[in-house]
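See below for the structure under consideration.
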There are 2 protein chains.
Amino acid sequence: MSSQISSTTTGASSQPRYAAIKAHIRAQIESGEWPAHFRVPSENQLAQDFNVSRMTARRALSELTDEGVLMRSQGLGTFVAEPVPAGSLLEVRNIADEVAARGHSYGNRILKLEQAIASTEVAVALGLAEGAAVYHSIIVHLDNGLPIQFEERYTNPTLVPEYLQQDFSAATPNEYLTRVAPLTEADTTVEAIGADGAVAEALEIDKGSACLQIWRRTMSRAGTVSFARLVHPGNRYRLGAQLRF
Amino acid sequence: MSSQISSTTTGASSQPRYAAIKAHIRAQIESGEWPAHFRVPSENQLAQDFNVSRMTARRALSELTDEGVLMRSQGLGTFVAEPVPAGSLLEVRNIADEVAARGHSYGNRILKLEQAIASTEVAVALGLAEGAAVYHSIIVHLDNGLPIQFEERYTNPTLVPEYLQQDFSAATPNEYLTRVAPLTEADTTVEAIGADGAVAEALEIDKGSACLQIWRRTMSRAGTVSFARLVHPGNRYRLGAQLRF
DNA sequence: TGTACACTCTTGTATATACAAGCTTGGTTG
DNA sequence: CAACCAAGCTTGTATATACAAGAGTGTACA
């Protein structure tokens, strides 16, 4: 075949060729032509359609995947990703409820559930003495099987002595804590970070990829109940907050 | 030349080869061996050192660049990026001061400065009637010449009638507004978004790449002064907030 | 009937090669 | 001395090719 449209060697007159392919795919998605879960043409198909090599078509698909627009899986194909879900910061809502509200299935993986010794930072946050015993849990929350939150939590054992005995596959820590110690106040800190090793592995993303990290200290009438670090993959979450000061 | 260490064709026994190169570079940076602005070995050099092709070495460098670890520029080389600067959400600080506090040079580009008609959304935010006249400005703020904030702002002309006459290359809108209408309150919303076309162009990043977007409505005793949308490239900014409720 | 195997399509990794284009350096020339 | 130009480095784009590995399909054989 084939037309051999213009120059064989590139030249990059103005924009690279893979950009045109990316733009085309984006347009199809934005116009609604290709809905979520739609199967995108294969690398070879795109290469043929746009008269470029497979590696060039591949680059377009790879970049869109990095940007969260597409999802790929070896042997199956490339698919339009779901739009990023939106979560709320202000209401300290249960992540399981958020997922359910989207009509998705909720799941979690309990990576750690133990008693530990408070570091200086944790002790200060919980209002305990350094070296005091605290409960430490690490849980990954799943939305349709896909990790969307890494939760590392330190809990005050004097206020919630039965924390370690809970079945967190049934009710999330947040749900349990708000039930046994109704919260009156919370400090929250938001930042954008690159995933470290442990987080990257747990969330099944590349080390260093962008995440939203939330630090939250929840307080009840009796004192500081819990100190949590919540990390969301940037690609799979969106976060809104109304702050007032 | 060459050793031809093992198999010519890949095999991908466990981890891809570019991962080893990425890990090596990360290790050098984390150990402090390669400080910010350090010039990383070239693609050809790495290819030789690790006994891979240039394209494989290139992949390692490209991915680390996407992740914000490195910076590349054609003709010059590849360099270790500065750690992402941290900004504050709570204190509504002047972006110029933030930049100066880091010892960097501040600059800006004024893309738009005009009178406009309030859309429904803007009218509601500013407490004006739909269709009322508002001042509209778009400014890009630069840190050492690199765009770090896209600021789109709607200002209430009844409270700040001389807004359009200001020289915003000398004092940022924020600085001017806090001087003429001391703020008493602010609503802020934070979310992670993919850059749209206009933002991507202004911030010199790829369309769709991750950004922190802040909506902020500032109020003074006399009423709502201004409604701003601030977009930071995720790679070049970090944001902290203490929320309380 | 049912299991195993081969075939085919997909994405993933890796290489060798070519040329484009940006920046620095050094030499040549006016 | 200054201006210009060529050489040599860098990264950026593009191709053709090869093999690896995951997933589905269908056929042949026990």
Side-chain angles (χ1 to χ4, degrees), chain A residues 1-23 25 37-66 69-81 204 206, chain B residues 1-23 25 37-66 69-81 145 204-206:
Chain A
M1 292 304 123
S2 354
S3 348
Q4 195 71 334
I5 291 205
S6 52
S7 61
T8 308
T9 59
T10 109
S13 55
S14 54
Q15 263 206 324
R17 300 214 219 176
Y18 63 78
I21 305 178
K22 287 178 69 175
I25 294 173
H37 303 119
F38 178 88
R39 177 166 177 172
V40 168
S42 73
E43 297 176 355
N44 283 314
Q45 188 61 50
L46 285 172
Q48 194 177 315
D49 293 352
F50 284 84
N51 214 268
V52 299
S53 78
R54 183 194 148 205
M55 293 308 285
T56 301
R58 174 176 180 73
R59 176 161 183 176
L61 293 175
S62 296
E63 292 199 1
L64 287 173
T65 301
D66 287 343
V69 177
L70 300 177
M71 291 177 49
R72 323 193 70 189
S73 97
Q74 191 170 357
L76 277 176
T78 305
F79 305 86
V80 174
E204 296 168 17
D206 279 347
Chain B
M1 285 305 118
S2 18
S3 351
Q4 196 70 334
I5 288 205
S6 53
S7 62
T8 308
T9 59
T10 111
S13 55
S14 55
Q15 261 206 323
R17 299 214 221 175
Y18 63 79
I21 305 179
K22 287 179 69 176
I25 294 172
H37 303 119
F38 178 88
R39 178 166 178 173
V40 169
S42 74
E43 296 176 354
N44 284 314
Q45 188 60 51
L46 285 172
Q48 194 178 314
D49 294 352
F50 284 84
N51 216 270
V52 298
S53 78
R54 183 195 149 204
M55 294 308 285
T56 300
R58 174 178 179 72
R59 175 161 185 176
L61 293 176
S62 296
E63 292 200 358
L64 288 173
T65 302
D66 287 344
V69 176
L70 300 177
M71 290 177 50
R72 323 193 70 190
S73 97
Q74 191 170 356
L76 276 176
T78 304
F79 305 86
V80 175
E204 296 167 15
I205 57 179
D206 279 347

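Protein chains get the first letters and strands the later ones, always in sequence-line order, with residue 1 at the start of each.
Taking 4.5 Å as the limit, every side-chain heavy atom of L64(B) sits out of range of all side-chain heavy atoms of I21(B). By the 4.5 Å heavy-atom criterion applied to side chains, M55(A) and M55(B) are not counted as neighbours.
Of the candidates dT13(C), dT15(C), dT24(C), dT13(C) carries the atom nearest the P16(B) side chain, counting heavy atoms from C-beta on. Taking every side-chain heavy atom of R54(B) into account, dT11(D) is the closest of dC23(C), dA16(C), dT11(D). The side chain of Y18(A) approaches dT13(D) more closely than any other nucleotide in the set dT13(D), dT11(C), dA14(C). The S53(A) side chain lies nearest to dT15(D) when the options are dA14(C), dG12(D), dT15(D). Considering only side-chain atoms of R72(B), the nucleotide from dT17(D), dG12(D), dA14(D) that sits closest is dG12(D). Here dG22(D) is the nucleotide among dG12(D), dA14(C), dG22(D) with the atom lying nearest to any side-chain atom of Q74(A). Closest to the side chain of M55(A), out of dG12(D), dG12(C), dT17(D), is dT17(D).
Neither OP1 nor OP2 of dA14(C) sits under 4.0 Å from any side-chain N or O of R59(B). At least one side-chain nitrogen or oxygen of S42(A) sits closer than 4.0 Å to the OP1 or OP2 atom of dT10(C). Regarding contacts with the backbone of dT15(C), a side-chain N or O of T56(B) is found under 4.0 angstrom from either OP1 or OP2. Phosphate proximity of dT11(C) to T78(A): present, with a side-chain N or O under 4.0 Å from OP1 or OP2. The phosphate of dT13(C) has neither OP1 nor OP2 within less than 4.0 Å of any side-chain N or O from R17(B). OP1 or OP2 of dG12(C) lies within a sub-4.0 Å distance of a side-chain N or O belonging to R58(A).
Map G77(B) and L76(A) each onto its nearest nucleotide of DNA chain D; the residue landing nearer the 5' end is G77(B).
The structure places NE2 of H37(A) at 7.0 Å from CE of M71(A), a figure rounded to the nearest 0.5 Å. To the nearest 0.5 angstrom, S53(B) atom OG is 11.5 Å from L46(B) atom CG. Atom CG of L61(A) is separated from atom OG1 of T78(A) by 5.0 Å, given to the nearest 0.5 angstrom.
Contact detail for F50(A) and A20(A): the closest heavy-atom pair is CE2-O, 4.5 Å. The two residues N51(B) and R17(B) make their nearest non-hydrogen contact at O-NH1, 3.5 Å.
In this structure, I21(A) atom CD1 and dA14(D) atom P are separated by 9 Å, rounded to whole Å. Remark: P of dG12(D) and CG of D66(B) are 10 Å apart, rounded to the nearest angstrom. Atom P of nucleotide dT10(D) and atom CZ of F79(B) are separated by 11 Å, given to the nearest angstrom. If you take CD of Q15(A) and P of dA21(C), they are 14 Å apart, rounded to a whole angstrom. Atom-to-atom, CG of L61(B) to C1' of dT10(D) comes out at 12 Å; the value is rounded to the nearest Å. Between the C1' atom of dT11(C) and the CD atom of E63(A) lies a distance of 17 Å, rounded to the nearest Å.
With hydrogens and angles disregarded, no donor-acceptor distance shorter than 3.5 Å links the side chain of R58(B) to the backbone of A47(B).
Residues from residues 43-50 of chain A lying near DNA chain C, meaning a heavy-atom separation below 4.0 Å, are E43(A) in numerical order.
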